[in-house]
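Notes follow once the structure below has been shown.
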There are 2 protein chains.
Amino acid sequence: MAASGKLHPNPFSGLGPDGTAQPACFYPAGAEIYGQGEKVDGIYQVEFGCVRVYRLLSDGRRQISAFHMGGEVFGFEVDGTHHFFAEAVSATGVRVIKLTAVGDASQAILPLVLQGLVRAQEHLLVLGRQNAVERVAAFLMDMAERQGGLEVFDLPMSRSDIADYLGLTIETVSRVFSKLKQKGVIRLPSLRSVEIKKWQALQGMSE
Amino acid sequence: MAASGKLHPNPFSGLGPDGTAQPACFYPAGAEIYGQGEKVDGIYQVEFGCVRVYRLLSDGRRQISAFHMGGEVFGFEVDGTHHFFAEAVSATGVRVIKLTAVGDASQAILPLVLQGLVRAQEHLLVLGRQNAVERVAAFLMDMAERQGGLEVFDLPMSRSDIADYLGLTIETVSRVFSKLKQKGVIRLPSLRSVEIKKWQALQGMSE
DNA sequence: CGGGAGATTGAGCCCCGTCAAAAACAGTGG
DNA sequence: CCACTGTTTTTGACGGGGCTCAATCTCCCG
């Protein structure tokens with residue numbers, strides 16, 4: 001399938017010699033972008049598509065710590081080695097930004113790292129203190145906002161991905177979807193798209 | 001009570017004009033260091049004691065996103081406003097580091113922010129995919145490591161704080177403590193201290 | 001039409017939350 | 001040192017939300 005997303009503005013385009021932008025790489029759905037233990041050779045910016053970043057427990061349990069969509073930057077690491085896996089959720093274009101020396105472009109990437117930290121802390125609240133309905137509601141609103149606040153939007157990821165992001169099982173995710181649909185809060189035009197009919201009701205669920 | 005902790009090395013001591021270190025402030029147990037919505041006027045470094053950083057849901061549910069102990073830096077924010085509460089868990093000394101302009105000392109604080117991000121992502125795995133015993137085991141090992149890896153160490157925080165950090169209830173935390181004690185994995189010399197008797201067993205529980 | 005992966009739905013169970021009571025602890029004053 | 005009080009922790013009984021296991025359904029893509 002041809003990936004025809006338009007490119008997002010690159011905040012690094014004016015960096016000068018600090019961050020060196022590379023041509024975008026294409027990854028088909030499911031392709032690994034980097035793996036646990038690999039050496040870090042830069043940070044990544046999503047051009048189009050969607051990326052999941054996750055860790056595994058030894059028994060196979062998976063926790064997706066974040067999805068990254070167009071324009072977002074990911075792949076920060078602390079000691080030169082990746083501690084997570086990153087894979088394309090759907091057909092995805094990723095631009096690699098080489099950091100040629102320690103501290104390169106840190107002025108520019110600090111706010112991006114901070115944003116990632118805020119997102120992670122936000123998600124801690126969801127995983128630590130919200131029930132299944134609240135988690136799914138928060139997820140749907142987050143996805144809608146990141147796609148421009150439209151009431152109809154795509155879900156690039158499978159139920160399994162959603163479950164591993166929300167700390168639930170696919171069955172529970174599916175049941176919550178069905179319940180929200182039945183209540184008229186959402187509509188599911190297809191498996192991978194959602195229409196929010198009652199935004200207000202959704203908000204009330206994730207407080 | 002006199003706070004007699006020795007001061008930890010300050011990574012900002014050699015910053016020059018970028019970060020301006022202030023004299024340490026003292027906070028008694030329970031005192032608020034900053035609150036949600038307050039303006040940011042710097043970042044904070046723990047001199048001694050322990051700090052909890054948390055958010056609240058509208059119905060009062062609380063999620064502690066991190067505890068910060070001696071030497072650690074916290075209070076990073078993205079838009080000039082605090083989105084969390086920070087309170088002293090026990091009698092605590094905190095040094096405020098004023099950042100006089102955007103980007104100040106970012107070279108120095110980037111690794112600290114990255115470390116916070118790694119910690120948060122690590123904790124996402126715990127909250128999303130581990131059961132009560134695994135959560136408590138991970139917590140105990142983390143606390144032990146942060147106090148030098150001793151087999152006997154202090155718990156500055158209450159059961160309620162531990163519960164709100166691990167996404168559990170105080171009853172469940174207490175029950176897990178009792179079970180671990182009964183199995184001989186830990187000993188509880190007092191309410192606020194722990195001895196790890198079988199480190200290996202603890203590790204096996206949080207995989 | 002058939003095959004396979006993903007998604008939905010159902011039945012049963014278990015972990016953990018809730019509610020309640022007892023126990024341990026900390027602080028105060030006598 | 002002890003008695004008294006309020007807070008924190010522990011322990012118990014019980015119920016429910018979400019997980020497990022399993023069957024069915026839907027959607028692709030040949």
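Heavy atoms only: backbone and side chains are in, while hydrogens, waters and symmetry mates are out. Order of the sequence lines sets the chain letters (A, B, ...), proteins ahead of strands, with each chain counted from 1.
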Give me the residues of residues 124-141 of chain B where at least one heavy atom lies under 4.0 Å from an atom of DNA chain C, by number, or none.
B:Asn131, B:Ala132

At 10 degrees resolution, what angle do the end axes of the helix from C:dC1-D:dG30 to C:dG30-D:dC1 form when each is taken over five base pairs?
40°

Is any side-chain heavy atom of B:Glu151 closer than 4.5 Å to one of B:Val194?
no

Going by the salt bridge (Lys or Arg N to Asp or Glu O under 4.0 Å) test, which pairs reach into residues 28-41 of chain B, not counting sequence neighbours?
B:Asp41-B:Lys98

Please list, chain by chain and in numerical order, all residues satisfying side-chain hydrogen bond (donor to acceptor under 3.5 Å, both in side chains) with A:Thr172, sequence neighbours excluded.
A:Thr169

Separation of atom CG in A:Leu155 from atom P in C:dT8, rounded to whole Å:
10 Å

Counting only pairs under 3.5 Å, give me each side-chain donor-acceptor contact of residues 155-165 of chain B, with atom names and distances, residues two or more places apart or in other chains.
residue, atom, partner, partner atom, Å
B:Ser158, OG, B:Ser160, N, 3.3
B:Ser158, OG, B:Asp161, N, 3.1
B:Arg159, NH1, B:Leu191, O, 3.2
B:Arg159, NH2, B:Leu191, O, 3.3
B:Asp161, OD1, B:Arg52, NH1, 3.4
B:Asp161, OD1, B:Arg62, NH1, 3.4
B:Asp161, OD1, B:Arg62, NH2, 2.8
B:Asp161, OD2, B:Arg52, NH1, 2.8
B:Asp164, OD1, A:Arg129, NH2, 2.8
B:Asp164, OD2, B:Arg62, NE, 2.5
B:Asp164, OD2, B:Arg62, NH2, 2.9

Using atom names, set out every protein N or O paired with an N or O of nucleotides 9-11 of chain D below 3.5 Å, distance rounded to 0.1 Å.
residue, atom, partner, partner atom, Å
D:dT9, OP1, B:Arg159, N, 3.3
D:dT9, OP2, B:Arg159, N, 3.4
D:dT10, OP1, B:Arg159, NH2, 3.2
D:dT10, OP2, B:Arg159, NE, 2.9
D:dT10, OP2, B:Ser174, OG, 2.8
D:dT10, O5', B:Ser174, OG, 3.0
D:dT11, OP2, B:Ser178, OG, 2.2

Listed by chain and number, what are the ring pair (Phe, Tyr, Trp, His ring centres under 6.0 Å) partners of B:Phe85, not counting sequence neighbours?
B:Tyr54

Atom pairs and distances, side-chain donor-acceptor, residues 67-81 of chain A, under 3.5 Å, sequence neighbours left out:
residue, atom, partner, partner atom, Å
A:His68, ND1, A:Glu72, OE1, 3.4
A:Glu72, OE1, A:Met69, N, 3.3
A:Glu72, OE1, A:Arg146, NH2, 3.0
A:Glu72, OE2, A:Arg146, NE, 3.2
A:Glu72, OE2, A:Arg146, NH2, 3.1
A:Asp79, OD1, A:Thr81, N, 3.2
A:Asp79, OD1, A:His83, NE2, 3.4

Protein-nucleotide distance (B:Leu168, atom CG; D:dG17, atom C1'), rounded to Å
15 Å

List for me each residue that meets side-chain hydrogen bond (donor to acceptor under 3.5 Å, both in side chains) alongside B:Ser190, sequence neighbours excluded, and say none if there are none.
B:Ser193

Listed partners of B:Glu122 passing side-chain hydrogen bond (donor to acceptor under 3.5 Å, both in side chains), at least two apart:
A:Arg55

Counterpart residues, salt bridge (Lys or Arg N to Asp or Glu O under 4.0 Å), relative to A:Arg187 (two or more places apart)
A:Glu195

Rounded distance (Å) that lies between atom C1' of C:dG17 and atom CZ of B:Arg62
17 Å

Below 4.5 Å, heavy atoms only, C-beta onward: do A:Val126 and A:Glu134 meet side chain to side chain?
no

Rounded to the nearest angstrom, tell me the gap between atom CG in B:Asp161 and atom P in D:dT7.
17 Å

Let me know the distance between CD1 of B:Ile162 and P of D:dT8, rounded to the nearest Å.
14 Å

Does anything in residues 172-207 of chain A pair up under ring-ring contact (aromatic ring centres under 6.0 Å, His included), and if so which pairs, sequence neighbours excluded?
none

